[in-house]
K.L.:
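Structure provided below as structure tokens; questions to follow.
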2 protein chains.
Amino acid sequence: MTTGLKKRPRTKTKRGSSSTPCSVHDCSACKIRDLTFCAGIEANELSDLSSISRRMLFAKRHIIFQEGDEANAVFNVTRGTVRLFKMTQDGRRQVTGFLLPGDFLGLASRSGYATSAEAITEVELCRFESDKLETLFERNRQLERRLFEIVDDELAVAQDQMLLLGRKTARERMASFLINLSEREEIRGGRDGAVYLPMVREDIADYLGLTIETVCRTLSQLKREGLIRQSAGHEFELLSNQGLLEMSGPT
Amino acid sequence: MTTGLKKRPRTKTKRGSSSTPCSVHDCSACKIRDLTFCAGIEANELSDLSSISRRMLFAKRHIIFQEGDEANAVFNVTRGTVRLFKMTQDGRRQVTGFLLPGDFLGLASRSGYATSAEAITEVELCRFESDKLETLFERNRQLERRLFEIVDDELAVAQDQMLLLGRKTARERMASFLINLSEREEIRGGRDGAVYLPMVREDIADYLGLTIETVCRTLSQLKREGLIRQSAGHEFELLSNQGLLEMSGPT
DNA sequence: CGCTTAATTGACACGCCTCAATAAAGGTGG
DNA sequence: CCACCTTTATTGAGGCGTGTCAATTAAGCG
């Protein structure tokens with residue numbers, strides 16, 4: 001069987017209160033603003049944005065929202081890592097993405113949020129109520145345009161992932177994943193070639209359409225071949241970007 | 001191997017002129033307008049839309065655009081079936097979707113069209129230049145809003161497909177595919193339970209992340225089990241929607 | 001009708017999954 | 001900081017679903 005059908009017991013997630021209640025946020029001090037739709041606003045109008053944004057904190061493993069929930073807010077991740085996923089009734093899970101600081105959170109269709117979102121680490125979010133944002137869009141088309149660009153990019157990413165899931169081998173998937181994360185962390189100021197993987201193997205497996213065991217074996221294989229090194233618990237180093245790129249399969 | 005690595009010779013596609021040059025289109029006579037973003041405009045403003053839309057005809061197997069092409073126009077499919085896909089250098093292909101009349105075509109990110117688009121049958125399109133549409137959006141926010149809804153829906157569909165590609169068996173994929181097409185054709189006025197499959201087996205395989213042979217075998221299996229029937233060349237009948245639904249795998 | 005392309009089926013191979021055992025990592029309380 | 005326990009990660013052995021290769025049939029088309 002090519003699919004992960006196993007009904008594994010999953011780590012229980014936690015609902016309810018985030019660690020801190022919402023608090024007002026000062027957008028002018030935001031370190032990741034350039035990565036988000038907020039970059040679409042002029043510096044002198046930042047107070048407009050600040051006035052409708054609220055900071056939120058979620059502890060590790062807490063649910064931010066669930067698939068199908070009414071989507072009345074969108075978020076920017078400002079700290080930590082988030083996993084997005086869909087689940088089937090019989091316990092199969094597909095992780096559709098991992099979000100890093102600067103990433104947009106809250107894409108939804110008319111039937112609510114398209115995926116569930118959970119904090120992998122402690123997560124800090126910047127929350128915008130949809131209707132307030134709509135109002136701001138009326139006055140600031142550039143802001144809206146940035147959001148559309150982001151959604152379009154998301155879709156392009158989703159289609160790349162379809163190619164990965166439909167047509168790549170386990171090795172290629174793993175290599176693609178490591179390079180992708182490495183590039184994204186580099187943009188955020190991470191050290192070149194260093195990758196931090198806060199998610200557990202099961203998350204990676206559910207993201208790549210593999211099993212935990214195959215993820216482990218593939219990682220071990222890459223280590224044996226000298227392509228990567230595990231420098232600490234969740235810290236990896238990519239020793240040959242070139243090799244991994246070739247292995248990740250041609251576009 | 002779980003992936004379709006084979007470098008198959010593919011049917012050659014055709015570039016160049018569509019069968020007819022662009023011609024002005026009368027939106028008020030459009031039969032599928034309610035399905036598209038055009039539904040976001042009032043009847044008395046339809047002339048605005050007509051004035052910037054051009055009808056285009058593409059012969060079977062002709063390329064409409066290629067991945068990466070500069071995206072200066074969007075389309076609505078008004079007749080025929082379109083396949084969207086990404087290709088790798090070594091010949092692997094992932095079909096990301098099939099478009100029916102009423103579907104939107106032309107999603108792109110800043111780096112151009114996200115996929116290639118080809119006519120499976122003869123295809124009629126309604127073409128809108130992006131900048132002209134932008135101008136119309138300035139005056140008609142509702143129209144723009146509808147387009148966003150469509151993009152959001154696309155993203156939700158893409159995520160469902162990730163679940164299918166990452167976590168479903170061949171049988172489940174095939175059942176999901178048949179039901180999905182059946183439902184979409186029903187919305188468009190097709191006969192209940194009847195499915196028209198203009199695409200070849202290879203297209204289905206590349207859409208579902210399988211091989212031609214597995215698609216064939218799975219279809220044959222469904223026939224033997226009395227769940228479907230092939231009434232004509234590309235015409236199928238779903239004999240047990242219930243059975244197929246159960247087989248398609250829970251959500 | 002003849003030729004090309006598409007679809008089907010069989011036999012076999014193999015990559016990834018399943019099951020199982022063990023090791024390593026992470027918390028927690030003392 | 002150390003025992004203890006739980007969770008996570010790793011590795012091995014074997015099975016199976018789907019891929020590969022090949023032959024045949026059916027469909028499409030000039």
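Note on naming: letters A, B, ... go to the chains in the order of the sequence lines (proteins, then strands), and numbering restarts at 1 for each one.
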K.L.:
With a cut-off of 6.0 Å (strictly less than), are more than 12 heavy atoms of other residues, nucleotides or ligands near NZ of B/K31?
P.N.:
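Open: at most 12 neighbouring heavy atoms sit under 6.0 Å from NZ of B/K31.
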K.L.:
Does A/T214 put a side-chain nitrogen or oxygen below 4.0 Å from OP1 or OP2 of C/dC16?
P.N.:
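No, outside the criterion.
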K.L.:
Consider side chain to side chain contact (heavy atoms under 4.5 Å, CB included). Of A/L244, A/L197, A/V215, which one does A/F177 pass it with?
P.N.:
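Of the listed residues A/L244, A/L197, A/V215, the side chain to side chain contact (heavy atoms under 4.5 Å, CB included) partner of A/F177 is A/L197.
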K.L.:
Among B/T96, B/D203, B/T115, whose side chain to side chain donor-acceptor pair (under 3.5 Å) with B/R83 holds?
P.N.:
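The option that passes is B/D203.
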K.L.:
Over 60° means perpendicular and under 30° means parallel, so classify the ring planes of A/Y113 and A/F75, tilted if in between.
P.N.:
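Rings of A/F75 and A/Y113: tilted, as their planes differ by 30° to 60°.
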K.L.:
From B/T121 OG1 over to B/H234 NE2, what is the distance, rounded to the nearest 0.5 angstrom?
P.N.:
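Rounded to the nearest 0.5 Å, the OG1-NE2 separation comes to 11.0 Å.
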K.L.:
Roughly how many Å is it from CD1 in A/I212 to P in D/dT10, rounded to a whole number?
P.N.:
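Whole-Å distance recorded here is 11 Å.
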K.L.:
Can you find a donor-acceptor pair, distance only, under 3.5 Å between A/R217 side chain and C/dG15 base?
P.N.:
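No, the side chain and the base share no sub-3.5 Å donor-acceptor pair.
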K.L.:
Just wondering, are more than 12 heavy atoms of other shown residues or ligands nearer than 6.0 Å to CZ in B/R191?
P.N.:
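Not buried by this count: 12 neighbours or fewer within 6.0 Å.
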K.L.:
Could you tell me the separation between the CG atom of A/L210 and the P atom of D/dA9, rounded to a whole number of Å?
P.N.:
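It is 15 Å, rounded to the nearest whole Å.
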K.L.:
B/R201 has an atom CZ; how far is it from atom P of C/dA6, in whole Å?
P.N.:
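Rounding to the nearest Å, CZ of B/R201 and P of C/dA6 are 12 Å apart.
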K.L.:
Mind checking the CZ-CG spacing from B/R188 to B/D103? Nearest 0.5 Å is all I need.
P.N.:
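With rounding to 0.5 Å, CZ (B/R188) is 4.5 Å from CG (B/D103).
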K.L.:
Expressed in angstrom and rounded to an integer, what is the separation of A/E202 atom CD from C/dC17 atom P?
P.N.:
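For the pair A/E202 CD and C/dC17 P, the rounded distance is 13 Å.
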K.L.:
How large an angle, rounded to 10°, do the end axes of the helix from C/dC1-D/dG30 to C/dG30-D/dC1 enclose when each is built from five base pairs?
P.N.:
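Answer for the end axes of this duplex: 60°.
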K.L.:
Is B/K60 close enough to D/dC29 that one of its side-chain N or O atoms is under 4.0 Å from OP1 or OP2 there?
P.N.:
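So the side-chain polar atoms of B/K60 do come within 4.0 Å of the phosphate oxygens OP1 or OP2 of D/dC29, strictly under.
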K.L.:
Taking atom C1' of D/dT7 as reference, at what distance in whole Å does atom CG of A/D203 sit?
P.N.:
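Nearest whole value for this atom pair: 13 Å.
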K.L.:
Of the residues in residues 218-227 of chain A, which ones touch DNA chain D at a heavy-atom distance under 4.0 Å?
P.N.:
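Under 4.0 Å from DNA chain D: A/S220, A/K223.
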K.L.:
Tell me: CD1 of B/I204 to P of C/dT8, nearest whole Å?
P.N.:
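Rounded to the whole Å, the gap is 9 Å.
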K.L.:
In whole angstroms, how far is the P atom of C/dA6 from the CG atom of B/D206?
P.N.:
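Nearest whole value for this atom pair: 13 Å.
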K.L.:
Roughly, in whole Å, what's the span from CD in A/E235 to P in C/dA25?
P.N.:
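These atoms are roughly 15 Å apart.
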K.L.:
With hydrogens left out and only the distance checked, is there a donor-acceptor pair under 3.5 Å joining A/E213's side chain and the base of C/dC19?
P.N.:
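Between C/dC19 and A/E213, which were checked side chain against base, a qualifying N/O pair under 3.5 Å is present.
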K.L.:
Is B/R92 reaching over with its side chain to a backbone N or O of A/R167, donor-acceptor style, under 3.5 angstrom?
P.N.:
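It does hold such a pair.
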K.L.:
For B/K168, is there any backbone N or O sitting under 3.5 Å from a side-chain donor or acceptor partner on B/R173?
P.N.:
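It does hold such a pair.
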K.L.:
Can you tell me if A/T211 touches the phosphate of C/dC16, counting only side-chain N or O atoms and a distance under 4.0 Å to OP1 or OP2?
P.N.:
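Result: no.
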